[in-house]
Every structure is written in structure tokens, then in C-alpha cells.
Protein chains: 2
Amino acid sequence: MSGDRRVRRTRRMIREALVALILEKGYEAVTVTDLIARADVGRSTFYAHFTDKQDVLLSNLDELAFLRPAPAGGPGRLFAFSLPMLEHVREQERLVRALLGRRGGGPVHAHGERLIADLVRDELLAAGARASAALDLLVVCVVGAFMGLLRAWVDGETTASPAELDAAFRAAVEPGVRAVLPRP
Amino acid sequence: MSGDRRVRRTRRMIREALVALILEKGYEAVTVTDLIARADVGRSTFYAHFTDKQDVLLSNLDELAFLRPAPAGGPGRLFAFSLPMLEHVREQERLVRALLGRRGGGPVHAHGERLIADLVRDELLAAGARASAALDLLVVCVVGAFMGLLRAWVDGETTASPAELDAAFRAAVEPGVRAVLPRP
DNA sequence: TTCGTAACCGAACAGGTTGTTCGGAATCGG
DNA sequence: CCGATTCCGAACAACCTGTTCGGTTACGAA
């Protein structure tokens, strides 16, 4: 482990406090004063580690590393990221609900959107699509559909399983995507 | 016109000030003090008309009435709302950019999402789809794709025309949607 | 174990924002 | 023209933020 034990402890306390408080009141309503009270940490200590509420939020992003590209496996199946990601989301339910839902305040959602957009774009290019403005718009649609499902689940609008969500995602966008790919 | 001229004037001033300020600094950064300064309105006056910053934001929603269902025309073409809506968006560029973009702070976006979701769901049911959990997930995907395009345009990520956006939308989701509809 | 150092505490502070109150002035509609 | 409504604006308490600083505590290296 890197650094002082006290540092790790403090940072962990604060990060966990934020997750808990977001789940209770939503990101907007959480104040730094709330945070340090819940984390039981001195005020000056907080500002020694983070600059902001949002800084804490983004520091949690490392824990959402499942948003990272899996080494593109065989070209057999499109959107290989989908199911594993959805399953991982269900495991990390608390964290994801706090950071990615409507109550979790945009920035994390935006970050995830960009990450997945890159993922999808690379995958489509690898599958033989031609880079173009039209392709970028297609990527926007695909990512929008996926993030929509994620948000719906996170916000409790559906109780579908990861497999069902994955199936819905594919059913919605795969036919449209196949049309821009060359025959295999 | 309904009510006192002073009232209309005041409310209009405040609403316009909010739009201007959002375009300058983003929704988050706008304070009530900013608002009343820009609108040139007394502090007590503001709170006599609105409870919140967000209250002003939502009061602008009436101006976004184009998000309302157009009387479903012939069953010929799916997603009849798409192109007219996108065109109307381009006309109201300033307002839409302020309220619907990443800088415009979630609530309006969320509201629009719900509105369009109802629109899409009704249209699919009218076209012969069976109500089911799977259909709801499909609707989520379709709306996600559309809102994604809208957001991309609002945030300046694309310079595509309404017609191009409409085409991209249809290309992405129509094939998947057709699959759940009975033969015409 | 010892010891120097790094981290933490917590109170206090200035600056800013929010939402309310109230008497007096201005403006409206009839 | 006049009564009623609305607006003004200053003042206020309450809250939140981000910083400072002297004193205390916990760490880990030797």
C-alpha cells in the first residue's frame, strides 16, 4: 500500500461518507459539512485531501474501473462489453446507484458516457465500419440507449436482470448497427 | 393576457435573465443574486414569484411545449415527432441550449425524457406492439438514443442538420423496433 | 523503543448565498 | 382619479464555504 495509513483511512472515510449521503439525500443536497460530520474528520483535514465535493465524487471513479475496455475478444459478438458491465454494475449496486443515478449529479454520468462512446466506436471500426460523421451519430445513439438502460435500472424504473437488459440493448440497436457493417 | 402588466414584466425579466446567465456560466453557477441583478428586480420581488432557481427553470418548460405529442398522424411513419421536434429545437437554439444541455442542470432534461418516453410508447402501442416489460426497455433505448442526439447537438458535439439527425436516429433504432411490430 | 515528522484536530474567521420581513414608493386597472 | 396591488431595497438570521494556525496525535523508520 502506498503512503500513510492515516491518509488512506481518512480518504476512505470521506469517500464512503459521500456514497452514503448521496443515497440518503442526493448529491446536490450533500454539503461538505455533512461529509466531515459523517466521516468524522476535521474540516481542515478534508480540504487537505480534496478541493471539493465534486473532487470526492470523481475520486470514486477509479472504483468504477469496470467502465474500462475489456481487451476486444473475438470479433464474433458485437458490444462484448455490455453483459459483463451490467453484471458488474449489479454487484456494485450501492456505489453505482449513488454515483450514476439521477441523484448522483451529472459529472460521473458524463464521464461514463465518454468512456463507453470510445469503446463502441473502436468496436465498430474494428468490425469494419467506415469512420464518418454518420458513424459518430450512430455511436451517440448506441451509447444513449445503453446509458438509458443503465439509468433506468439505477433509478429503480426496472427490475430486469443484467441478461434481460443486455438482451433489450442488443434487440434495440444491433439491427441498425449491422446495416452499416460489411458482410462478415 | 392574464393579470397585471407588472407581473408579466417581472416574470419575463427573470426568465430571460436565467437563460442568459445559464448560457454564460452554466446553471449551477447562477445564483439568485445574479438573477435579480441581471433582471433588475428587487430581491423580495423575486421570492414573491418563484421559490427557487429551479422554479424559474421549470417555468420555462411551457416554452418547450414542442415536446408535446403531435396528434398521431397516419400510422405510416414511425417516430413522427422526431424531425419536427429537431427543427423546432434549431429555431429555439438559445433557449434549448440553455435548458437542455449539460450546462443546463438535469431536471429539464429528465422532464423531456419522460415526455418523449410517453410519446414513443403510445406510438409503438398504436403500431401494434404488445405492452410488456421488454417493450418498456425498448422505449428506454429509443428515448436514450434520441436524447443522446439532442444532447450532442446542444453541446456542440455535432453540426449536423435536423434532417441528418433525424436520419441517424431512424437508422439506429428503426430496424430494431420494426422487429417487435406485426407485419403491416 | 525512541524520535522526528507528517497528519490530524478544531475553533475561529471572512466572504458569500439564501430566504424572509417590513415600511414606503410606484404602478396598475377600473 | 383612487384604491389595490405590486415593487423596492435595506436589513436580517441562518447557513455553507474555504482558509488559517497553534496544539495534539499517530505513524514508521532507525
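Every heavy atom of this structure was used, including side-chain atoms; hydrogens, water molecules and symmetry mates were not. Sequence lines set the chain letters: A, B, ... in the order given, protein chains first and strands last, and positions in each chain run from 1.
Between Arg103(A) and Asp155(A) there is no salt bridge, since no side-chain nitrogen of the basic residue lies less than 4.0 Å from a carboxylate oxygen of the acidic one. Using a cutoff of 4.0 Å between basic side-chain nitrogens and carboxylate oxygens, Arg151(B) and Glu157(B) are scored as salt-bridged. The residues Arg114(B) and Asp118(B) are annotated as not salt-bridged, no charged nitrogen and carboxylate oxygen being separated by less than 4.0 angstrom.
Contact check of residues 33-59 of chain A against DNA chain D (heavy atom, cut-off under 4.0 Å) returns Thr33(A), Arg43(A), Ser44(A), Tyr47(A), Asp52(A).
Thr10(B) places a side-chain heavy atom less than 4.5 Å from the side chain of Thr45(B). At least one side-chain heavy atom of Val142(B) sits less than 4.5 Å from a side-chain heavy atom of Phe169(B).
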>> Pair Lys53(A), Phe46(A) - check side chain to side chain contact (heavy atoms under 4.5 Å, CB included), show working.
In response: CA-CA 10 Å; Lys53(A) 202 174 51 163; Phe46(A) 174 87; 5.9 Å; no
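Nearest heavy-atom pair, Leu78(A) versus Ala127(A), reported as atom, atom and distance to 0.1 Å: CD2-CB, 4.3 Å.
In this structure, Val32(B) and Arg5(B) both approach DNA chain C, and ranking their closest nucleotides by distance from the 5' end singles out Val32(B).
For Thr10(A) and dC8(C), the shortest distance from a side-chain N or O to OP1 or OP2 is below 4.0 Å.
Spacing between atom CZ of Arg9(A) and atom C1' of dA7(C) amounts to 12 Å, rounded to whole angstrom units. As rounded to whole Å, 17 Å separates atom P of dA6(C) from atom CZ of Arg8(A). Glu28(B) places its CD atom 15 Å from the C1' atom of dT17(C), with the value rounded to the nearest Å.
Using cut-offs of 30° and 60° on the angle between ring planes, the pair Phe146(A) and Phe81(A) is perpendicular.
Of all nucleotides in DNA chain D having an atom under 4.0 Å from a heavy atom of chain A, the first and last in 5' to 3' order are dC16(D) to dG28(D).
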